[in-house]
Amino acid sequence: MCAMSSVLVVEDDPAIRTSLIEVLTGHGLLVRSSPDGFGALREITRWLPDAVVLDLGLPDLDGAEALRMIRGLSQVPVLVATARDDDAEIIRLLNAGADDYLVKPFSGGQLIARLTAVLRRSAASGAGPGALGAPGGAPDPGHAPMVTGELRIDPLARTVHLGDREVGLTRREFDLLAFLARNAGRVISKRQLLAEVWRQPYVEEQTVDVHLSGLRRKLGERASRPRYLHTVRGVGVKLVSPS
Ligand code: CA
């Protein structure tokens with residue numbers, strides 16, 4: 001765990017909130033809490049926490065709604081705590097911008113493990129605290145813009161252009177596209193994408209399909225008529241320059 005990482009706990013149940021705060025402070029984290037969604041949005045913009053643990057059953061905002069509002073403000077990693085252990089719900093949350101999830105009831109050990117993973121990914125991607133501003137530091141070669149056909153991916157600015165048009169992608173769609181572009185021409189399996197882009201074994205391969213189809217839609221193509229993103233049936237997907 002990064003020393004003195006800051007975590008915002010959003011939980012309306014006082015007993016659960018207290019126990020989460022105890023676990024997190026016990027691991028040397030700086031913790032603040034909010035019992036509702038709007039209070040959480042305020043803390044995210046003012047305090048700029050390194051990560052957010054978000055309960056989905058809040059009194060003022062529906063979970064997916066809270067997530068979308070957070071994503072409108074910040075790229076801060078969000079770990080959602082859900083009571084519903086079903087695929088459709090979890091895929092919906094990941095699409096709404098969650099970085100990972102925990103199914104209630106969960107142990108302190110699980111919380112710390114997932115949180116450590118999202119903080120590590122966030123540090124590796126240069127999102128940094130609150131991630132409201134531009135990432136600091138000098139560009140390195142791995143951050144050079146990647147160009148394939150009309151597609152231009154700028155890892156530092158985290159922007160994608162198709163010709164003159166900027167393509168608005170979610171954080172995960174961007175990471176997925178950037179990874180495929182770095183490996184352009186190579187077939188990448190879904191399992192490999194889960195390991196390299198999601199960096200965790202808990203996610204269903206179907207999640208990759210959901211993000212791929214979102215990405216295709218935004219790039220204006222279909223799996224049946226691909227331009228950039230080609231599915232190799234039973235093997236994986238590759239990004240190629242359209243001929
Ligand atoms: Ca609740």
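Each ligand, and each atom within it, is numbered from 1 in the order the structure gives.
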For R216 and T231, which I'm curious about, is there any donor-acceptor pair between the side chains at under 3.5 Å?
yes
Look only at the side chain of N183 and the backbone of R186, and say whether a donor-acceptor pair between them is shorter than 3.5 Å.
no
Sidechain-backbone polar pair: S34 side chain, D36 backbone, donor-acceptor under 3.5 Å:
yes
Which protein N, O or S atoms lie under 3.0 Å from the Ca ion (ligand 1)?
D12 OD1, D55 OD2, G57 O
Check: S74 side chain, I70 main-chain N or O, donor-acceptor pair, under 3.5 Å:
no
Can you list everything that forms a salt bridge (charged side-chain N to carboxylate O under 4.0 Å, His left out) with D209? Sequence neighbours excluded, please.
K190
Ion pair R152/D164, N-O distance below 4.0 Å
no
